[in-house]
Structure formats: C-alpha cells, structure tokens
Protein chains: 2
Amino acid sequence: MKSTATLKDVARQAGCGIATVSRVLNGKGPVSAASRQRVLEAAQSLGFEFNETARALQSQRTRTIGCLVPSLINPVFADAVQALQAEVLAAGYHLILMCSDYDPAQEAEIIRMLIQKNVDALALTVSDAATSAGLMALRDRPLPHCLMFNAPAQGAASYFVNNASASARVAQAFDDEGHHRTGFLALRFHRSDRSRQRFEGYKKACRTRGMAEPLLLEVDQDQPDLGKQLSQMLRQRAQLSGIYASNDYLAIALIRAARALGWKIPQDLSVIGFDGIEVGQLMVPSLATIVTDPAAMGRQAGRHLLAALENQQHLGAENSVPPIGGLGFEFRPGESLGPVRSDMRSNSRAATPLLPLHHSKTALNASQEQ
Amino acid sequence: MKSTATLKDVARQAGCGIATVSRVLNGKGPVSAASRQRVLEAAQSLGFEFNETARALQSQRTRTIGCLVPSLINPVFADAVQALQAEVLAAGYHLILMCSDYDPAQEAEIIRMLIQKNVDALALTVSDAATSAGLMALRDRPLPHCLMFNAPAQGAASYFVNNASASARVAQAFDDEGHHRTGFLALRFHRSDRSRQRFEGYKKACRTRGMAEPLLLEVDQDQPDLGKQLSQMLRQRAQLSGIYASNDYLAIALIRAARALGWKIPQDLSVIGFDGIEVGQLMVPSLATIVTDPAAMGRQAGRHLLAALENQQHLGAENSVPPIGGLGFEFRPGESLGPVRSDMRSNSRAATPLLPLHHSKTALNASQEQ
DNA sequence: TATCAAAGTGGAAACGTTTCCAGTCCGGAT
DNA sequence: ATCCGGACTGGAAACGTTTCCACTTTGATA
C-alpha cells in the first residue's frame with residue numbers, strides 16, 4: 001500500500017533535511033540551486049509523490065468537494081455533476097459523489113458523512129430545501145455550500161431554474177393552443193420540491209389565465225408497469241386535452257401509452273415535458289418541453305464554491321458570489337403540442353365550473369424574466 | 001473549518017487520557033464501565049466527530065475508492081457509477097468521481113491524481129484498455145483495481161459485455177430479416193475500444209454469415225449538426241438496408257434523420273442500437289437493440305473491489321474474485337427492425353462483390369453463450 | 001578587519017488519530 | 001501476608017506533511 005517514498009526518504013538520499021525537500025518540492029521558500037538540484041534528482045530516482053492525506057491533515061484542507069444528488073439515472077443530475085466535476089478539477093479539487101435516492105433520511109446521513117470526511121465545500125440537491133435537516137446542520141458551520149436545482153432556502157445560495165416561471169410558460173403554451181382542461185403528471189411528487197413547485201406554479205398560472213384548475217396525476221415509481229398505469233389513467237381522464245409532465249421521461253412514456261390506446265398525438269392529446277433532454281428532439285413526434293441547462297447549474301455551483309474557498313482563504317468569511325434568482329430556461333416547441341380539437345374545447349368549457357369570470361391573458365413570457 | 005472537538009478535548013473533559021477515549025469511541029480494547037460512561041457523555045456534550053483525515057493518515061486507509069469513466073452524459077456510465085457508489089457506500093466506502101472525456105492523456109493524469117489521493121481501490125473505464133498508460137502504471141502497484149465496460153486487459157479483471165458476441169447477435173438479427181448490406185455507425189470510433197470491438201465483432205460475424213462486409217460510418221462528435229451529417233451520409237449510402245449503431249442515442253438520431261428524408265422505418269431502413277436505454281422502448285418506432293445491464297457492471301465492480309480490500313486486509317494478496325468472461329446481454333426486438341424490402345435484397349446482392357461463396361448460416365445465439 | 005543582513009538550512013512542533021507498552025490497581029490463590 | 005495475573009489506564013511514538021524558528025554560512029559594507 002505504501003510503496004511510495006516519503007519526504008524523509010528523499011531527504012536522506014539527497015543528504016539534507018526534510019524541510020529543505022519540502023521547500024524544493026513545493027517551490028516556496030529559499031533554497032540554494034545546489035540543494036534544489038540534489039533534491040530533485042533524489043525525488044526523481046525514488047519516484048516520490050506527495051501523500052495527500054498527510055498534506056490534508058497538516059493544512060486542514062482536503063481539496064475535496066462533496067456532491068449530493070438524488071440520483072444519476074436522471075440525466076439532468078448526471079449533466080450537472082459532470083460539469084461540476086470538470087469545473088472544480090480545473091482548480092485542483094476532487095469530487096466525492098453521493099446519491100440520496102430521493103430519501104431525506106439518507107440525505108442527512110450522507111451530509112454528516114461528508115462533513116466528517118473533511119470536505120472543503122458541498123454542492124447539494126436535496127429533496128426539500130426548506131425542511132432539509134442536513135441543510136440545517138450546515139447553516140451554522142463555516143463550511144461553504146450551495147444548492148443545485150432546489151430553490152434557495154435556509155440561507156444557502158442556489159443554482160436552479162425558477163419552476164414557477166417555467167410552469168407559467170407551459171400554461172401559456174397550452175393556452176395559446178386553446179387547451180384549458182389540463183393535467184400535471186408527476187412521478188415522485190412528495191419527494192421532490194421541484195415537482196411540487198412546478199405544480200404549484202402551474203396551478204397558479206392556470207388560475208391567472210382563466211384555465212381550469214389542473215388535475216394532479218401521480219403515478220408510482222415502479223418502472224415496469226408505468227405504461228399500464230399511464231394507460232389506465234388516460235382512459236379515466238379522457239376529457240383532458242393537454243398534460244404537462246414533470247419531466248421528459250414521463251412525457252415520453254405518456255405519449256407512448258396514449259398511442260397504445262390508439263390516440264393521435266397531438267390531435268387527441270397534447271403533451272409538454274420538462275428538462276429538455278436530448279432524445280426529446282430526436283423522437284417522432286418531437287417533444288415540446290422546457291429546456292433547462294443542468295450543466296450550467298453544476299458549473300456555476302462549482303464557481304461559487306471555488307470563489308467562497310478562495311475568499312475564505314485570503315480575506316475574511318466574505319462571500320463574493322451573490323445568490324441569484326434562477327437560471328434561464330426556454331420553451332422549446334415540438335410536435336407533441338398542437339391546437340386543441342374543437343370538440344374538446346367546447347367539452348372542456350362546459351365541464352369547467354372553476355373557470356373564473358374574466359380571462360386575463362397577460363402575455364408574460366417567463367423566459368424573458370431573467 | 002475545524003470547529004469540531006478532538007480526542008484531546010474529549011479526554012480533558014472526561015478526565016482521562018486520549019487512548020481511553022479512542023478505545024471507547026471505537027468500541028475496542030478494555031475500558032471500565034465508569035470511564036465509558038464519562039467519555040460518552042463528554043463526547044456527546046462536545047459534539048465530537050472523528051476526523052477521517054487523521055484516521056486515514058494513521059491507518060493508511062482512506063476508505064475511499066476512485067472511479068473513472070469517460071463521461072456521465074452517456075446514461076450507461078451514469079447507471080454504472082450510481083450502482084457502484086451504492087454498493088461501496090454500504091461497506092463504508094466513498095467514491096471519488098472523475099471523467100476523462102474519452103481522452104487517454106487525461107485518463108493517465110487522473111489515475112495519477114487518484115493514487116496520490118491514496119484511494120484504497122480503483123474502478124475504471126478507459127479509452128483503450130490494451131494500451132492505457134494509466135492502467136499500466138497500476139499493474140505493479142499493490143492497489144486493487146478493476147475495469148468496467150472495457151474488455152479485460154493488462155491483468156485487470158473487468159465487468160463488461162462481450163462486444164463481439166453481442167455484435168454477432170446483431171448480425172444474426174439482420175440476417176434473419178434478410179439484410180445483407182449493412183453499415184456500422186460510430187461516433188467516437190478511435191477513442192473507444194468498445195466501439196472498435198463492436199465493429200470488429202460485427203465484421204467477423206457478417207463474414208461468417210456470408211453477409212456483405214459492413215460499411216464503417218463515422219460521424220464527428222459535434223452535437224449540433226449531427227442530424228445534417230447523418231442525412232448526408234444516408235443519402236450517399238441509400239443502398240444499405242440496415243444500420244447497426246454503436247449506441248442507442250446514435251440509433252435514435254439516425255432514425256430521425258432518415259424520417260426527415262422521407263424514409264419509412266423499418267421499410268426503407270432497419271436500425272439496431274446498443275445499450276438498451278429506457279427511451280428506446282418508449283419511442284415510436286421502438287428501438288431494436290442489445291440490452292446490457294450497466295448497473296450490474298458497477299455493482300459487480302464494487303463487490304470485486306470490496307472483496308479484494310477484505311482479502312488484502314485479512315489474508316495475503318490473494319484475490320478471491322476471479323475475472324469473468326463477460327456479463328450477459330439480450331437482444332431486444334423492436335419496430336425499428338423489419339424484413340428487408342425485396343428490391344433492396346436483389347439490389348444488394350448484385351452490388352456485393354465481397355460475398356463469399358458459401359453462406360454458412362451458423363445459428364449461434366450469442367446471448368446464450370454466457 | 002570587524003560587523004551585519006540576507007540567504008540557506010535542518011530540528012522540532014504541530015495536525016488528530018491509533019496502538020504499543022509500561023505502568024497501576026485490584027481480587028483471589030498460595 | 002505475599003504473590004500473581006488480569007483488567008484498566010495514559011504517555012508516547014508513530015503516520016507524512018508544513019512551517020516556525022534558531023542556527024549557520026556567506027558576501028558586502030563600514
């Protein structure tokens with residue numbers, strides 16, 4: 001395990017003290033040219049490499065950043081993690097990666113472990129930022145951290161997309177095509193504050209626009225019979241002309257289920273997704289969706305943490321990067337969204353007691369907000 | 001940064017030596033009930049937590065495993081990493097994650113960094129296992145490591161799918177439907193030994209079956225104009241009745257490009273992918289593909305490393321988990337593969353000077369091999 | 001020639017653990 | 001009463017660095 005030479009070994013071989021060796025190899029402090037030469041040769045011949053563990057113990061900095069996401073199976077998180085990793089690596093930091101499986105209990109435990117491991121900073125996506133116990137434990141600690149995907153909470157900065165604004169944009173898109181009776185399809189509704197925020201934002205936007213209250217459609221997280229669940233759900237909810245899915249995978253599964261019932265997309269049902277994953281553009285029909293930039297979230301979270309570490313190093317505990325109000329997003333039109341069928345339009349109006357009296361068509365384009 | 005109490009602090013508060021505190025908190029060594037009580041109370045009141053860095057320096061074990069994959073954007077690697085992480089976490093190990101971006105130079109540098117960080121073991125996917133410099137550096141070191149996705153090489157065990165067998169199965173599938181003039185579509189051909197092995201295996205199987213030599217179709221890795229590249233390529237290669245794509249994403253993009261030209265799938269072109277990603281089943285037409293189990297690779301790599309660590313601990317350097325010959329895979333039929341059109345059949349025969357004299361239809365079902 | 005600053009050097013303390021070892025205390029057996 | 005072995009204890013030495021500090025050397029200045 002420890003076949004590597006130590007400073008002491010190099011010092012012995014070079015015929016000097018370990019302090020000198022350290023100075024040479026770190027390039028700091030005064031050393032004579034002769035010493036430098038001998039040390040470098042000795043280090044070379046012994047194949048010396050620093051022991052980062054010892055360095056970390058001495059310097060109190062592990063050059064390691066903890067990263068917690070719910071899962072890597074959702075490409076949104078994978079993209080963010082990859083960008084984060086690349087960003088911090090450039091500054092010499094490594095990433096310790098953990099997945100919580102959307103479980104708040106594991107979340108807290110994992111954060112504890114990462115602290116114990118002496119990470120220099122943390123980038124997190126938690127189930128529910130407002131109530132996260134792990135995040136709370138972090139609040140009083142002088143440990144730089146920030147959130148990804150979650151809306152900012154508990155004093156932590158965050159790199160996220162404003163789910164309410166994005167959902168308002170979805171409502172507009174449906175409204176523009178005449179869809180007023182719509183549903184919101186969610187997979188892990190109670191384990192993801194993002195999903196809940198999307199629904200809340202969507203509900204509010206529908207209300208503002210005078211659309212019917214959207215129906216919340218929850219499915220279990222079992223993969224195998226997802227198609228069956230969706231088919232059954234669709235049969236029961238045939239009066240909906242549009243469905244907003246809480247992510248693109250769900251949207252794609254929904255489209256397939258609808259087609260399996262013989263429905264035509266978008267004639268019989270319009271679908272809008274969320275995330276903007278690549279395959280959405282490749283499939284037929286292409287998927288209308290909200291395009292976000294998860295890599296940007298990871299990258300910016302990385303920059304934030306590096307800046308905080310830098311400041312902590314040189315200045316006081318001053319935090320130079322201000323928390324921001326949400327990253328940009330874009331509505332990407334697609335073949336899965338079309339105009340409402342005339343018979344459904346009248347149907348829905350008739351069946352909508354919730355319709356407010358005036359249709360305030362405020363044309364707010366959410367993507368322009370930031 | 002170091003607001004946490006140390007053993008010394010606890011010892012002072014409990015009125016005993018640090019050795020006793022260590023014994024209590026580690027649950028090993030003889031301690032009186034009275035001491036234990038006092039120590040536990042002191043630790044509790046001070047909110048003591050172990051400093052894992054110091055522990056690592058002392059014990060020469062970081063309880064950390066290095067993980068290197070080309071990218072997380074390909075869900076295949078994301079799945080494997082997630083499974084690996086879950087597996088090793090259960091044994092108290094953490095994962096340091098790095099991405100090489102398919103770059104052999106970065107690969108070697110990253111492996112060096114991970115070694116320097118004193119990881120206890122390594123799980124790697126390299127560009128080319130046979131020639132990887134990083135892997136070579138590992139060979140003489142007593143550092144447990146194994147490969148994922150790569151075929152075993154340089155004495156390292158590997159968890160992978162036999163690309164040649166899988167490709168033979170693809171050849172069979174095409175052959176069964178009468179496709180004899182086919183192509184192999186690759187994105188990062190020279191940076192991925194998997195891709196090359198798939199092509200070689202496919203070429204060989206085609207030869208064995210008396211099909212025409214498959215055409216190698218390479219596209220650049222630029223995302224934006226991938227569609228254009230594919231369209232152009234398809235127009236030039238209209239004589240091909242089937243294309244085997246080196247991964248599912250490429251297959252999906254290819255299908256879209258073909259449709260954009262007005263081609264019908266599978267009537268005008270049959271497509272088979274590789275990996276078996278989820279969306280392949282959800283889209284229309286569903287994608288015929290080789291289904292692999294990347295999570296299993298990650299999981300088994302994790303078990304392998306844990307076993308090696310266990311053995312290294314208790315016994316000698318004996319390695320209890322034998323390298324295996326490849327994980328199982330499965331051919332999943334899909335709507336993207338159909339019978340060859342009769343005119344293309346004759347066309348292709350006529351245009352195929354490479355056809356060997358006898359058609360040896362050895363019906364080897366690759367998926368049954370393991 | 002005497003004095004001094006600067007440059008170079010290495011010993012030693014620290015970082016927070018684990019663990020060896022040499023002690024102290026006890027009760028029970030001689 | 002004496003001895004002995006076991007249970008318990010805490011001092012101290014590692015682990016491999018960084019860094020402070022006090023000590024040489026040197027060359028230049030007065």
Side-chain angles (χ1 to χ4, degrees), chain A residues 1-40 42-43 46-64 92 113 115-120 313, chain B residues 1-40 42-43 46-64 92 113 115-120 313:
Chain A
M1 174 123 301
K2 46 168 313 308
S3 52
T4 16
T6 72
L7 278 190
K8 205 193 292 188
D9 299 328
V10 177
R12 190 169 343 110
Q13 170 128 354
C16 64
I18 47 175
T20 302
V21 179
S22 173
R23 278 189 287 257
V24 171
L25 265 24
N26 284 296
K28 49 164 62 173
V31 202
S32 70
S35 300
R36 164 170 292 112
Q37 180 66 15
R38 275 180 302 136
V39 166
L40 287 177
L46 290 171
F48 172 84
E49 300 220 322
F50 278 114
N51 178 329
E52 288 297 335
T53 305
R55 279 185 135 174
L57 176 61
Q58 162 64 33
S59 64
Q60 308 285 39
R61 308 177 62 228
T62 53
R63 294 213 148 256
T64 284
M113 287 172 120
I115 291 177
Q116 208 162 334
K117 201 108 188 182
N118 294 322
V119 293
D120 293 339
Q313 189 83 352
Chain B
M1 175 122 304
K2 48 168 311 308
S3 52
T4 16
T6 72
L7 278 190
K8 205 194 291 187
D9 299 328
V10 177
R12 191 171 340 111
Q13 170 128 356
C16 63
I18 46 176
T20 301
V21 179
S22 174
R23 278 188 287 258
V24 171
L25 265 23
N26 284 297
K28 48 166 61 173
V31 202
S32 70
S35 300
R36 165 168 293 112
Q37 179 66 16
R38 273 179 304 136
V39 166
L40 288 177
L46 291 172
F48 173 83
E49 301 220 323
F50 277 113
N51 179 330
E52 288 297 334
T53 305
R55 279 185 135 175
L57 176 60
Q58 162 64 33
S59 64
Q60 306 286 43
R61 309 177 61 227
T62 53
R63 295 211 145 256
T64 285
M113 287 172 121
I115 291 176
Q116 207 163 334
K117 200 111 188 180
N118 293 322
V119 293
D120 293 338
Q313 188 83 354

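Just the heavy atoms: all of them, side chains too, but no hydrogens, waters or symmetry mates, feed the values below. Throughout, a chain's letter reflects where its sequence line sits, starting with A, and its residues are numbered from 1. Being a predicted model, the structure only gives us computed values, none of them experimental.
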Between the protein and nucleotides 23-25 of chain C, which nitrogen or oxygen pairs come in under 3.5 angstrom?
none

What N/O pairs connect the protein and nucleotides 5-13 of chain C at under 3.5 Å? Give each pair on its own line.
unit_1	atom_1	unit_2	atom_2	d
dT9(C)	OP1	S32(A)	OG	2.9
dT9(C)	OP1	S35(A)	OG	2.4
dT9(C)	OP2	S32(A)	N	2.9
dT9(C)	OP2	S32(A)	OG	3.3
dT9(C)	OP2	S35(A)	OG	3.0
dG10(C)	OP2	G17(A)	N	2.9
dG10(C)	OP2	T20(A)	OG1	2.9
dG10(C)	O5'	G17(A)	N	3.4
dG10(C)	N7	R23(A)	NH2	2.8
dG10(C)	O6	R23(A)	NH1	3.2

>> Test side chain to side chain contact (heavy atoms under 4.5 Å, CB included) on F48(A) and L25(A); report intermediate values, then the result.
In response: CA-CA 10 Å; F48(A) 172 84; L25(A) 265 24; 3.7 Å; yes
> Checking side chain to side chain contact (heavy atoms under 4.5 Å, CB included) for the pair N51(A)/T6(A): CA distance, chi angles, key distance, verdict?
Replying inline: CA-CA 8 Å; N51(A) 178 329; T6(A) 72; over 6 Å; no
>> One pair to check against side chain to side chain contact (heavy atoms under 4.5 Å, CB included): L46(A) and Q13(A). What are the steps and the verdict?
In response: CA-CA 9 Å; L46(A) 290 171; Q13(A) 170 128 354; 3.7 Å; yes
> What do the steps show when you test N118(A) against T64(A) for side chain to side chain contact (heavy atoms under 4.5 Å, CB included), and what is the final call?
Replying inline: CA-CA 8 Å; N118(A) 294 322; T64(A) 284; over 6 Å; no
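The nearest whole Å value for the distance from the CD atom in E52(B) to the P atom in dC15(C) is 19 Å. Between the CD atom of E49(A) and the P atom of dT17(D) there is a distance of 11 Å, rounded to whole Å.
Interatomic distance, NZ of K117(B) versus OG1 of T62(A), reported as 6.0 Å (0.5 Å rounding).
Look at N51(A) and you won't find any side-chain N or O under 4.0 angstrom from OP1 or OP2 of dC15(D). Remark: Q60(B) is not in phosphate contact with dT18(C), judged by side-chain N or O atoms under 4.0 Å from OP1 or OP2.
With hydrogens and angles ignored, the 3.5 Å screen pairs a side-chain donor or acceptor of R38(A) with a backbone N or O of A14(A). Remark: the backbone N or O of E49(B) is not paired with any side-chain donor or acceptor of T4(B) at under 3.5 angstrom.
Remark on the helix from dT1(C)-dA30(D) to dT30(C)-dA1(D): inter-end axis angle 70°, axes from five-pair C1' superpositions, rounded to 10°.
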